[in-house]
Protein chains: 2
Amino acid sequence: MASIKEVAEVAGVSTATVSRVLSNGQHVRPEVRQRVMEAVEKLGYRPNLVARSLRSQQSNTIGLIVSDIRNPFFTSISRAVEDIAYAQGLTVLLCNTDEDVNKEAIYLQLMRDTNVAGIIFSPTRQTAASLSQQRFDFPIVMVDRTAPDFAADAVLLDNVEAAYRLTTHLLNNGFGRIGAIFGETSLTGLERRQGYEQALRQHNLPVVPEYIRHTQPRVESGKAAATALLRLPQPPDALLTSNSLTLEGALQAIRESNLSMPADIALAGFDETSWTVLVQPPITIISQPTYEIGKTAAELLIQRIIDPSRSSRQVMLRGQLHVRGSSTPSVIKEEVS
Amino acid sequence: MASIKEVAEVAGVSTATVSRVLSNGQHVRPEVRQRVMEAVEKLGYRPNLVARSLRSQQSNTIGLIVSDIRNPFFTSISRAVEDIAYAQGLTVLLCNTDEDVNKEAIYLQLMRDTNVAGIIFSPTRQTAASLSQQRFDFPIVMVDRTAPDFAADAVLLDNVEAAYRLTTHLLNNGFGRIGAIFGETSLTGLERRQGYEQALRQHNLPVVPEYIRHTQPRVESGKAAATALLRLPQPPDALLTSNSLTLEGALQAIRESNLSMPADIALAGFDETSWTVLVQPPITIISQPTYEIGKTAAELLIQRIIDPSRSSRQVMLRGQLHVRGSSTPSVIKEEVS
DNA sequence: TTGTAGGCGTTATCAT
DNA sequence: ATGATAACGCCTACAA
């Protein structure tokens, strides 16, 4: 790779002049500029971004740290983040943490070491709690999950409200014994549980500990938890899950138990996926605008990179309830989306 | 961020000594090493990877360039790549090209500019063809798609064979008018079409141009193509698609046409997804070991980074046919997976 | 308008 | 065993 030095040599000027031509371009005689451009062309010169980054102490890379890119929620977010980044000439470093505090720490460290421009992060509760004690020389935008006393930009769903609404929907449709599966490492899981419990209490129904499970956001975990719930002496008449992976597992469990939906068991969950409307009956869910979330997060990050001093803002989004067959007894169709 | 200089100062040694302690660690008195480590500890020193990269002319970043991370095929691959990279202390730059030659060129250029250690790439046919005329200072591993006269490592499916097998399966089950939807920008699409046509010819059936569509790998494109096929004066009695996104679109089209599967129309496609077995009837597909593909690609890349001179190798994998209800008349159940 | 020179943080070479 | 120094490629005061 040709360096700026070689270009200077070929053009018969100093490296400073070449640099000037290539950056702002002020104070250069047209004729000299011409010569430089020809040399650049001839050598196929391209500025070395590593050198530039070292010199400028800046970077055009942003980090995206999520638990698992295979979770459709994060897949979509990642795509949005990359789109925005691309439009800004930024590049995206993808990191999967598997809800593992250790991996989170390692990746955060790596972000420091590589001097990224900023990161978009979806941390476990544990890491989130420790964030305020750490120092970062780059901005952090949280997605899906917050850190309590850490003043960072964030894009979040109103989880309590959403879970409350979803649970209430089930209750209103005559399902009184709702088994629920929440994430065990994320704040999100806790918040959704809160909304779930709120709805129960408001209907003067007991919160049955046995009906509440916390698992990893994985299909098998969801399936295992759902299976356990269905095998209870007095099994639930509805299942509610906190993300699309556990929802998928729950559906598998229901299928294998040969129960019919929603007669034997209702099902409802979080996050829209390709299959919720393809299966029979279609599944009731609260959808999040995932692409918008990623886009917003990336935009917040870029704004903050430009202006580190601006006050932090939390963007709180509202989930959208899609009532479908999995939770509506066939006689009472209230609304279908 | 503390630099090596400050560490040297605090430890009362030269930067060279600090560097020695931190790297190989030969030829340093234990006592001095001790002092250095203490200073490192005290200052929370971390080597600046950008500087290291500039100096060493190496990088611990690899690029992953795919058409769209939201294609489950690439989602899974990306996860595998990241896992292997992580294990090796490498980091992954994610790039979506949308089958856009221009974006591909921009990202390839970016990979040069940032001096990556290597890339894993799934190019369009057009870019693939031009690859051999370009020079790269880093190794390239191809996934899913090859470049004809470009001697790179590659991990591929035997597409012709797989499509042949899938088509033959349909033919053997009494479906003689097979509408097919292939990718329009990838070599993969062409290869699968080849296998499809081979199977038809072997059964002495005509290749009907009207029955063959080439589209982008997107749900809507698949749906549009499928809808068009279903509206033909003499519509096909089976649909075959080349990837999971167009498969999803095709299924939507079938549903909206109120046709029953497989009585009115059979359906079969490529790539396993969460929903193929959740829908009714379950969908016949050829599955690819996506995680394995990504893992293998990453391993090939790392091997080549270590030894750039080794001869290039193509790993060719065989797809696995999963025969399901969408392509088997209910009376004849040959085998179900 | 253009060139000289220093430094971003490392590491490797060469003295000592 | 340790230190001084140069160089990776770039940018930017500052000087001319």
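The side chain to side chain donor-acceptor pair (under 3.5 Å) contacts involving residues 43-61 of chain A comprise A:Arg46-B:Asp113, where partners must be two or more places apart or lie in separate chains.
One can place CD of A:Glu9 at 19 Å from P of C:dT2, the figure rounded to the nearest angstrom. Atom-to-atom, CD of B:Gln26 to P of D:dA1 comes out at 9 Å; the value is rounded to the nearest Å. Atom CD of B:Gln34 is separated from atom P of D:dT2 by 13 Å (rounded to the nearest Å). Between the CD atom of A:Gln58 and the P atom of D:dC10 there is a distance of 17 Å, given to the nearest Å. A:Glu31 places its CD atom 13 Å from the C1' atom of C:dT2, with the value rounded to the nearest Å. Atom-to-atom, CG of A:Asn60 to C1' of D:dC10 comes out at 14 Å; the value is rounded to the nearest Å. The nearest whole Å value for the distance from the CZ atom in A:Arg29 to the C1' atom in C:dG3 is 13 Å.
Ring pair B:Tyr107/B:Phe121: centre-to-centre distance not below 6.0 Å.
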Practice task
Would you give a per-nucleotide map of nucleotides 8-16 of chain C, 5' to 3', where B means the base has a protein non-hydrogen atom under 4.0 Å away, S means only the sugar-phosphate does, and - means neither?
Solution key: BBBBB----
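Checked options B:Ser130, B:Ser132, B:Ser312; the residue passing with B:Phe150 is B:Ser132 (criterion: side chain to side chain contact (heavy atoms under 4.5 Å, CB included)). Here the options are A:Leu156, A:Val155, A:Thr296, the test is side chain to side chain contact (heavy atoms under 4.5 Å, CB included), and the partner is A:Leu317; only A:Val155 passes.
A:Asp83 and A:Lys295 are not joined by a salt bridge, as no carboxylate oxygen comes within less than 4.0 angstrom of a charged side-chain nitrogen.
By the neighbour-count criterion of 12 heavy atoms within 6.0 Å, atom CZ of B:Arg125 is densely surrounded, having more than that number from other residues, nucleotides or ligands.
For the pair A:Thr17 and C:dT2, the criterion of a side-chain N or O lying under 4.0 Å from OP1 or OP2 is not met.
Within the nucleic acid shown, B:Val50 has no heavy atom closer than 4.0 Å to any nucleic acid atom.
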